[in-house]
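What follows is a single structure, written as structure tokens, with notes after it.
Heavy atoms only: backbone and side chains are in, while hydrogens, waters and symmetry mates are out.
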Amino acid sequence: MANTSMVKPGREGYKILFDTNTVIMNYKFAAAAAKYGTKENTLLKDIRSDFPGMKEVVVSGRVQTTAKANHRLTYENMEKHIRVYENAEDLLEVFETVKAASVALASPYKYVCDWFKAQFPDYKNAVVFNDGKLTVIPQKALLIPRSTSRSCPKWANRRESYAEHRAEPESGSCESPEVR
């Protein structure tokens with residue numbers, strides 16, 4: 001017996017599995033079949049009349065096969081991680097500044113997440129105390145210009161952080177970011 005969750009509909013938008021007594025269809029076929037008079041509606045009525053006990057299953061076209069990169073990295077979990085540090089008040093102040101600066105952007109979560117990963121590159125590892133203290137020096141929130149990757153080829157390959165790149169004096173090919 002085939003597992004109906006693993007079977008994809010055919011090119012026509014549906015597939016009949018006689019061994020499981022199931023009609024599998026994609027959402028486009030199901031939407032078209034719901035409209036009276038369409039060829040999909042006629043086909044589904046014929047299947048229902050020929051096989052009255054047939055189950056109908058609507059599946060999405062894409063199955064996610066890779067894990068999400070930021071699966072549990074929510075604002076709440078970022079804040080919990082920041083509260084572990086000795087200078088949590090300073091870090092939370094910068095975190096709130098970054099969140100406020102991200103509101104006007106197209107993808108505010110990505111902006112905050114990128115800042116968090118730059119600020120805490122080892123956030124996935126276990127916490128390590130140095131001399132009984134856990135401290136991170138807070139970086140100022142950089143407002144990265146949208147055209148950065150086009151205007152500076154060195155930053156485009158992103159092998160270093162933007163702050164490190166801006167600290168190096170160069171030919172002046174990049175715009176300077178605003179610092180908050």
Side-chain angles (χ1 to χ4, degrees), residues 4-9 11 13 24-32 34 57-130 133-180:
T4 56
S5 64
M6 300 299 290
V7 178
K8 294 180 182 178
R11 227 177 4 180
I24 297 176
M25 59 187 104
N26 62 22
Y27 69 96
K28 288 183 181 179
F29 183 88
V57 177
V58 179
V59 295
S60 65
R62 180 176 176 261
V63 177
Q64 184 174 352
T65 56
T66 58
K68 294 179 183 175
N70 302 325
H71 175 60
R72 298 200 51 195
L73 193 58
T74 62
Y75 288 161
E76 183 180 337
N77 287 341
M78 289 180 204
E79 193 171 321
K80 285 179 185 176
H81 181 82
I82 291 171
R83 289 190 187 281
V84 171
Y85 292 93
E86 188 172 300
N87 58 340
E89 295 82 27
D90 297 334
L91 293 169
L92 283 172
E93 185 178 319
V94 175
F95 179 63
E96 292 301 325
T97 303
V98 170
K99 282 191 346 185
S102 71
V103 171
L105 300 175
S107 180
Y109 172 76
K110 183 178 180 331
Y111 183 82
V112 174
C113 193
D114 288 345
W115 170 84
F116 183 81
K117 288 178 179 178
Q119 182 75 32
F120 306 101
D122 298 326
Y123 74 94
K124 291 182 180 178
N125 299 339
V127 177
V128 178
F129 291 92
N130 293 329
K133 296 180 182 177
L134 184 63
T135 305
V136 170
I137 299 169
Q139 298 177 355
K140 291 188 177 185
L142 289 177
L143 297 178
I144 301 172
R146 290 179 188 242
S147 62
T148 302
S149 61
R150 287 188 294 267
S151 63
C152 181
K154 186 173 182 184
W155 172 242
N157 57 5
R158 295 175 187 246
R159 292 185 184 215
E160 62 184 340
S161 74
Y162 188 72
E164 291 170 354
H165 173 64
R166 291 300 304 148
E168 297 176 9
E170 218 177 272
S171 63
S173 63
C174 292
E175 315 135 13
S176 61
E178 301 172 23
V179 178
R180 283 194 175 174

**Q.** Donor-acceptor pair, side chain of Asn87 and main chain of Asp90, under 3.5 angstrom
**A.** no
Q | Inter-residue atom distance Leu105.CG - Lys110.NZ, 0.5 Å rounding | A | 10.5 Å
Q.
Could you check, using the six-membered ring where one of them is a Trp, whether Phe120 and Phe95 have ring centers closer than 6.0 angstrom?
A. no
**Q.** CG-OH distance between Asp114 and Tyr109, expressed to the nearest 0.5 angstrom
**A.** 9.5 Å
Q) Is the shortest heavy-atom distance from the side chain of Gln119 to the side chain of Val98 under 4.5 Å? A) no
Q | Shortest non-hydrogen contact between Pro108 and Ser102, atoms and distance | A | CB-O, 3.1 Å
Q | Any side-chain heavy-atom pair of Asn77 and Thr74 under 4.5 Å | A | yes
Q: Using the test salt bridge (Lys or Arg N to Asp or Glu O under 4.0 Å), find all partners of Glu79 that sit at least two apart in sequence or belong to another chain.
A: Arg83
Q: Supply the atom-to-atom distance Met78 CE to Leu92 CG, rounded to the nearest 0.5 angstrom.
A: 12.5 Å
Q: Could you tell me the separation between the OH atom of Tyr75 and the SG atom of Cys113, rounded to the nearest 0.5 Å?
A: 8.5 Å
Q. For His81 and Phe116, what are the C-alpha separation, side-chain angles and deciding distance, and is it a side chain to side chain contact (heavy atoms under 4.5 Å, CB included)?
A. CA-CA 10 Å; His81 181 82; Phe116 183 81; 3.7 Å; yes
**Q.** Side chain proximity check, Tyr27 to Val59, heavy atoms < 4.5 angstrom
**A.** no
(Q) For Glu93, give me all partners under salt bridge (Lys or Arg N to Asp or Glu O under 4.0 Å), at least two apart in sequence or on another chain. (A) none
Q) How close do Ala88 and Ile82 get, heavy atom to heavy atom, and via which atoms? A) CB-O, 3.6 Å
Q.
Applying side chain to side chain contact (heavy atoms under 4.5 Å, CB included) to Phe29 and Val58, what does each step give before you reach the verdict?
A. CA-CA 9 Å; Phe29 183 88; Val58 179; over 6 Å; no
